[in-house]
Amino acid sequence: MSTQKPATILITGATGNIGKELIRLLSAKGIPYKAMVRSIEHAKELEELPGITLVQGNFDDEGSLDTALSGIEKAFLLTNSSEQAETQQIRFVEAAKKAGVRHIVKLSQWAADASSPVRFLRYHAAVEAAIKASGMTYTFLRPNLFMQGLSGFKEVIQSEHKFFASAGEARISLIDIRDIAAVAAIALTTNGHENKVYNLTGPESLTHQQLAEIFSGVLAHPITFINVSEEDMKSALLGVGFPEWQADGLLEDYAHYRLNEAAEVTDAVQAVTGEKARTFSQFVTDYAALFK
Ligand SMILES: NC(=O)c1ccc[n+]([C@@H]2O[C@H](COP(=O)([O-])OP(=O)(O)OC[C@H]3O[C@@H](n4cnc5c(N)ncnc54)[C@H](OP(=O)(O)O)[C@@H]3O)[C@@H](O)[C@H]2O)c1
């Protein structure tokens, strides 16, 4: 019979960008945890990670959330961005409260605000409010734009040496998702993060022109940033399959960036992890194979 203490941490979004980094960190720290996945069959390769237990759960199925949350003390809440995200996350919060979860670490977004013109910032604020109202303790992680989001341009950067957005001269303190995962891992496994809001940024605030210059320097050939109109950005997003709700939300995000509302740099990553937040140059160096 195993004498190992059962895992009391549940990670959602474990197969996604941040979730994958987070579960690797927990495994490396030797911490037992459960990872909620829609299909255990499709996530089989994660079972090789030390300390992981896969549990089936779907944000659209309340019963599966009740089962996944049974015996859990701390949960990491992340869904992809979609028109359903607010309903899905609030369903999870209600199930967590019912299951006796003590603490939720929620992946939110920089400048989450119920009265924002940006739909993503409104839905994150609504979920934050539901968590606060539940009486569970919380840590809200509010990261700025993800550096890894630039990997959406990998083909066009490889083949045409350019990328585009409706960013103008906006300065953005974008962040590497590995730093977000590092903060989440600490908030889930140590005390002192109860009822805290962490505004997470990288160490510098950069225009898209400066991103292009860093790409050019690290990849050792010129990469050009092309500023496009909102109309052109929307048709490009729809063209690669984004649902209209999501495309419009991204345009709202970029309008908010152009007002320099996402330009501030914080030291929260270093304050929580003890490590400096990664620079954009470090990101491009580490992911160079994607862009070459
Ligand atoms: N992109 C940015 O610059 C930015 C900035 C700040 C905040 N954010 C926030 O970051 C979040 C996205 O993070 P991410 O990029 O790590 O996400 P992601 O890679 O899109 O991962 C989404 C995860 O959610 C899981 N999932 C989706 N639908 C589910 C369902 N019905 N039931 C259970 N699991 C489900 C997915 O599982 P499957 O593998 O089964 O699909 C996947 O593991 C969003 O909330 C967004 O608002 C983004």
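Atoms within each ligand, like the ligands themselves, are counted from 1 in listed order. Residue numbers run from 1 in the order of the sequence given.
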Subject >> Shortest protein heavy-atom distance from atom 15 (O) of ligand 1, along with the residue and atom involved >> reply: N17 ND2, 2.8 Å
Original post:
Looking at atom 43 (O) of ligand 1, what's its closest protein heavy atom, distance included?
Top reply: T15 OG1, 2.6 Å
Original post:
Do you see a donor-acceptor pair shorter than 3.5 Å between the side chains of S108 and E128?
Top reply: yes
Original post:
Among S108, G16, A35, which residue places a heavy atom closest to atom 18 (P) of ligand 1?
Top reply: G16
**OP:** Mark yes when over 12 heavy atoms from residues, nucleotides or ligands other than Y287 sit less than 6.0 Å from its OH; otherwise mark no.
**Re:** yes
Original post:
When you measure from atom 1 (N) of ligand 1 to every protein heavy atom, which one gives the shortest distance, and what is it?
Top reply: F146 CD1, 3.4 Å
Subject >> Donor-acceptor contact below 3.5 Å, side chain N260 vs main chain A170 >> reply: no
Subject >> ligand 1 contact by S39, heavy-atom criterion under 4.0 angstrom >> reply: no
Original post:
Going by the order shown, which atoms of ligand 1 are within less than 4.0 Å of some heavy atom of N144?
Top reply: 5 (C), 6 (C)
Subject >> Min N/O separation G19 to ligand 1 under 3.5 Å >> reply: no
Original post:
Closest non-hydrogen protein atom to atom 16 (O) of ligand 1, residue and atom name please, with distance?
Top reply: I18 N, 2.9 Å
**OP:** Go through ligand 1 atom by atom and flag the ones less than 4.0 Å from a non-hydrogen atom of L145.
**Re:** 3 (O)
Original post:
Any side-chain donor paired with an acceptor under 3.5 Å for S115 and D113?
Top reply: yes
Original post:
Of all the heavy atoms in L174, does at least one lie under 4.0 Å from an atom in ligand 1?
Top reply: no
Subject >> Atom indices of ligand 1 within 4.0 angstrom of G13 heavy atoms, with elements >> reply: 23 (C), 24 (O), 43 (O)
Subject >> Which segment of I177 sits under 4.0 Å of ligand 1 when only heavy atoms are counted >> reply: neither
**OP:** Determine which pairs satisfy ring-ring contact (aromatic ring centres under 6.0 Å, His included) with at least one residue from residues 56-103, sequence neighbours left out, and list them in order.
**Re:** F59-F92
Original post:
Has G149 got any heavy atom lying under 4.0 angstrom from an atom of ligand 1?
Top reply: no
Subject >> For atom 32 (N) of ligand 1, the protein heavy atom that lies nearest, with its residue and separation >> reply: F59 N, 2.9 Å
Subject >> Result of checking E252, E230, E169 against R258 for salt bridge (charged side-chain N to carboxylate O under 4.0 Å, His left out) >> reply: E230
**OP:** With T79 as reference, evaluate E86, Q89, Q84 under the side chain to side chain donor-acceptor pair (under 3.5 Å) test and give the passing residue.
**Re:** Q89
**OP:** Please answer whether the main-chain N or O of L206 pairs with a side-chain N or O of R171 as donor and acceptor at a distance below 3.5 Å.
**Re:** no
Subject >> Ligand-residue contact atoms, ligand 1 with D60, heavy atoms, under 4.0 Å >> reply: 31 (N)
Original post:
Is the backbone of R122 close enough, under 3.5 Å, to the side chain of S116 for a donor and an acceptor to pair up by distance?
Top reply: no
**OP:** Among all protein heavy atoms, pick out the one at the shortest distance from atom 31 (N) of ligand 1; state its residue, atom name and that distance to 0.1 Å.
**Re:** N58 OD1, 2.9 Å
Original post:
Looking only at protein heavy atoms, which one is nearest to atom 47 (O) of ligand 1, and how far off is it?
Top reply: H124 NE2, 2.8 Å
Subject >> Per-atom contacts of ligand 1 with G57, taking only distances under 4.0 Å to non-hydrogen atoms >> reply: 33 (C)
**OP:** Measure the distance from atom 41 (O) of ligand 1 to every protein heavy atom, then report the residue, atom name and distance (to 0.1 Å) of the closest one.
**Re:** R38 NH2, 2.7 Å
Original post:
Applying side-chain hydrogen bond (donor to acceptor under 3.5 Å, both in side chains), which residue pairs with at least one partner in residues 236-250 are found, sequence neighbours left out?
Top reply: K234-E244, K234-D248
Original post:
Between Y198 and T266, do the side chains contain an N or O donor and an N or O acceptor separated by less than 3.5 Å?
Top reply: no
**OP:** Decide whether the shortest distance between a heavy atom of A43 and an atom of ligand 1 is less than 4.0 Å.
**Re:** no
**OP:** Select one of side chain, backbone, both or neither to describe which atoms of V37 lie under 4.0 Å from any atom of ligand 1, heavy atoms only.
**Re:** neither
Original post:
Where on Y123 is there a heavy atom closer than 4.0 Å to ligand 1, on the side chain, on the backbone, on both, or on neither?
Top reply: side chain
Original post:
Using heavy atoms and a threshold below 4.0 Å, how should the contact between Q88 and ligand 1 be classified: side chain, backbone, both, or neither?
Top reply: side chain
**OP:** Would you mind listing which atoms of ligand 1 come within a distance below 4.0 Å of any non-hydrogen atom of S81?
**Re:** 44 (C), 47 (O)
Original post:
Going by distance alone, is a donor N or O of one side chain under 3.5 Å from an acceptor N or O of the other, for N144 and S173?
Top reply: yes
**OP:** Answer with yes or no whether the side chains of D176 and Q282 bring together a donor and an acceptor at under 3.5 Å.
**Re:** no
Original post:
Distance-only, no hydrogens or angles: does the K162 side chain make a donor-acceptor pair with backbone N or O of F225 under 3.5 Å?
Top reply: no
Subject >> Sub-3.5 Å N/O-N/O distance, L78 and ligand 1 >> reply: no
Original post:
T79 heavy atoms, cut-off 4.0 Å: which ligand 1 atoms fall inside?
Top reply: 11 (C), 12 (C), 44 (C), 45 (O)
